[in-house]
Protein chains: 2
Amino acid sequence: MAEAEGWESVTTRRLAERVEYSQPVLYSHFKSKGAIVAAVAIDGFGDMAYELYDARISHESPEESLRAVADAYLRFAGERPALYDAMFVQRIDVSFGSGESPANLQAAFNEFVTVLRPLAGERDLESLAEVIWSSLHGIATLSAGNRLRPELHQVRLDLLIDQVVAGRT
Amino acid sequence: MAEAEGWESVTTRRLAERVEYSQPVLYSHFKSKGAIVAAVAIDGFGDMAYELYDARISHESPEESLRAVADAYLRFAGERPALYDAMFVQRIDVSFGSGESPANLQAAFNEFVTVLRPLAGERDLESLAEVIWSSLHGIATLSAGNRLRPELHQVRLDLLIDQVVAGRT
DNA sequence: GGTCCGAGTCTAGCGCTGCTAGCAAGCCTA
DNA sequence: TAGGCTTGCTAGCAGCGCTAGACTCGGACC
């Protein structure tokens, strides 16, 4: 529903109709609409972690692994924009960057950490993972808003990976 | 108003009250609430272009210039989160990445292009500018949503700049 | 002076939103 | 069989973006 028409047209009334219950029933299962979105998002972290894992292990070379993971990340964001939106753009009540984060989210982040380990050199691994994750997130959101020239998608991705690899000290 | 309480609590009624007119008067000046946000955003592009320019010319060395521009960008996003949100997160009806973009937006983007020119090497300049802009945008939005560890802000920025510089071929 | 027009503004209200109070039916236990 | 808990409902609140239609008032023309 969100993928088809965007989160703003997912109303509690329409959602209730879709699941063939009345509106208040939703509120006995979820505290608010935001909690529903958060539940969807947390589910999404699991999907994402799986796809990143799959991409990572499909290549031997660290650089190719990184390239595949980055590609999988952007493909995930591009193919399921509303889910990605719930996970990373909407203000949901989910802890990030700490031990209290959902396990799925930590798993997804760990794919970045793992794939970057052989490439980090003297750089702080987790910070490096945050940087490349941020970069990919920026590309994903700006692309989703038609703020980047689509035909140069691959050029940008190559530039990003190349400079991560080159930054090894 | 948006900075104090977020855009979602900027309602047309409250806005009308603030400017001491009735609600329909807003709609004789702007087509919709989105158009009001867009007008604010376009104004913001001008501010941002000026601050990036200021940062760029305040250093001689290309690398220091880039560092200053990146820093200014993230400071802008951090200090005026609602304005930044209007400019880059909310879906506003503004053309990006083409000749029809607002002049202020092109000016801001050009600051990246200019500061990167001595550092690009054989890399495509505009694509490189898009990549670093995306990276900064990702850091800005993830930071705003408390999704990055705040104490490592400087570490991430250094990592990003270093790898851009190292990526020169 | 009288009449018209248009600009500018208002009140009132439409259809929608997220959310909740309060009630009714059905099941489990005593 | 009686009471209470669970599960669902209808109805409604306050607020949202937006608009129809009426009112006022200043200037232009006869």
Side-chain angles (χ1 to χ4, degrees), chain A residues 1-45 80-96 100 102 105 141 144-147, chain B residues 1-45 80-96 100 102 105 141 144-147:
Chain A
M1 197 155 151
E3 293 297 357
E5 306 168 59
W7 280 107
E8 75 279 0
S9 75
V10 177
T11 70
T12 55
R13 280 173 178 76
R14 293 190 59 201
L15 197 51
E17 189 183 5
R18 183 78 141 242
V19 298
E20 294 187 322
Y21 280 101
S22 72
Q23 223 184 344
V25 173
L26 295 179
Y27 286 89
S28 62
H29 289 269
F30 299 96
K31 194 169 162 258
S32 66
K33 185 187 172 184
I36 297 174
V37 177
V40 172
I42 288 176
D43 211 58
F45 290 135
R80 303 163 81 179
L83 178 57
Y84 188 84
D85 195 70
M87 292 162 65
F88 294 117
V89 180
Q90 303 223 9
R91 299 195 167 230
I92 55 175
D93 191 17
V94 170
S95 158
F96 272 68
E100 298 162 27
L105 172 54
T141 53
N146 289 316
R147 282 147 154 86
Chain B
M1 196 155 154
E3 293 298 355
E5 305 168 60
W7 280 108
E8 75 281 359
S9 76
V10 178
T11 70
T12 55
R13 281 178 238 275
R14 292 190 60 200
L15 197 52
E17 190 183 4
R18 185 77 142 244
V19 298
E20 295 188 321
Y21 279 100
S22 73
Q23 222 183 346
V25 172
L26 295 179
Y27 287 89
S28 62
H29 289 271
F30 298 96
K31 192 168 163 256
S32 66
K33 185 186 173 184
I36 297 174
V37 177
V40 171
I42 288 177
D43 212 56
F45 291 135
R80 303 162 82 178
L83 177 58
Y84 188 84
D85 195 70
M87 291 162 64
F88 294 118
V89 181
Q90 304 223 8
R91 300 197 166 226
I92 55 175
D93 191 19
V94 169
S95 158
F96 271 68
E100 297 161 28
L105 172 54
T141 53
N146 289 318
R147 281 150 157 84

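Naming: A, B, ... by sequence-line order, numbering from 1 per chain. In this text, all values refer to a predicted model and were calculated from it rather than measured experimentally. Computation of the quantities below employed the complete heavy-atom set of this structure, encompassing side-chain atoms and omitting hydrogens, waters and symmetry-equivalent molecules.
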A.B. asks: So, using side chain to side chain donor-acceptor pair (under 3.5 Å) as the criterion, who are the partners of B/Arg147 when residues are at least two apart?
C.D. replies: none
A.B. asks: Would you indicate whether B/Glu3, at its atom CD, is surrounded by more than 12 heavy atoms from other residues, nucleotides or ligands within a distance under 6.0 Å?
C.D. replies: yes
A.B. asks: Going by number, which of residues 23-40 of chain A have a non-hydrogen atom under 4.0 Å from DNA chain D?
C.D. replies: A/Pro24, A/Val25
A.B. asks: Please determine whether a side-chain nitrogen or oxygen atom of A/Thr12 lies at a distance below 4.0 Å from atom OP1 or OP2 of C/dG18.
C.D. replies: yes
A.B. asks: If I take atom CD in residue B/Gln90 and atom P in nucleotide D/dG17, what distance separates them, rounded to the nearest angstrom?
C.D. replies: 12 Å
A.B. asks: Give the minimum heavy-atom separation between B/Ala82 and B/Trp7, together with the two atoms involved.
C.D. replies: O-NE1, 2.7 Å
A.B. asks: Is any side-chain nitrogen or oxygen of B/Arg13 closer than 4.0 Å to OP1 or OP2 of D/dC16?
C.D. replies: yes
A.B. asks: Checking all strands, does A/Thr11 fall into the base, sugar-phosphate, or nothing category for heavy-atom contacts under 4.0 angstrom?
C.D. replies: sugar-phosphate
A.B. asks: In terms of the nearest nucleotide of DNA chain C, which residue is placed more toward the 5' end: A/Val10 or B/Glu20?
C.D. replies: B/Glu20
A.B. asks: B/Glu5 has an atom CD; how far is it from atom P of D/dC16, in whole Å?
C.D. replies: 11 Å
A.B. asks: I'd like to know if B/Glu8 and A/Arg91 make a salt bridge, using a cut-off of under 4.0 Å between side-chain N and carboxylate O.
C.D. replies: no
A.B. asks: Start at the 5' end of DNA chain C and walk down; is the nucleotide closest to A/Arg14 or to B/Ser22 reached first?
C.D. replies: B/Ser22
A.B. asks: More than 12 heavy atoms of other residues, nucleotides or ligands under 6.0 Å from CZ of A/Phe30: is that the case?
C.D. replies: yes
